[in-house]
Amino acid sequence: MGILWTLIIGAIAGWLGSQIFKGGSLGLIGNIIVGIIGGFIGYWLLGGMLGTGVVGEILTGAVGAIVLLAIINLFTRGKV
């Protein structure tokens, strides 16, 4: 159940990050990957500042996804 929960939260966080960072949508699988990696980045940057529980995890993952999408956008020069 933990892996499924991680995928669901990653998908939501990746989608939310791509909606906030316009032009950053990578499709369902890409959003899941960006959301999961973004969760690690967000936790590394913010720790538990955005709260605990599902909402805090989604917000932390979304912030990390936005940072990751910005970095990807720098290297691909707007192709993402």
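As a basis for the values below, the full set of heavy atoms in this structure was taken, side chains included, without hydrogen atoms, waters or symmetry mates. Residue numbers count from 1 along this sequence.
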Reported CD1-to-CD1 distance for the pair Ile9 and Ile58, which is rounded to 0.5 angstrom: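 It comes to 5.5 Å.
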What's the separation between atom CD1 in Ile8 and atom CD in Glu57, rounded to the nearest 0.5 Å?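 That separation rounds to 12.0 Å.
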For [X], side-chain contact (heavy atoms from CB on, under 4.5 Å) partners two or more places apart:
| X | answer |
| --- | --- |
| Leu59 | Leu50, Val55 |
| Ile36 | Thr6, Leu7, Ile32, Phe40 |
| Ile37 | Ile33, Ile41, Leu68 |

Linked, directly or transitively: Tyr43 and Val67 (ILVMFWY side chains, under 4.5 Å):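 Tyr43 and Val67: separate clusters.
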Taking all atoms of both residues into account, what is the closest heavy-atom pair of Ala65 and Gly17, and its distance?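 Smallest heavy-atom distance, with atoms named: CB-CA, 4.3 Å.
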Shortest non-hydrogen contact from Ala13 toward Gly61: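 Minimum heavy-atom separation between Ala13 and Gly61: CB-C, 3.6 Å.
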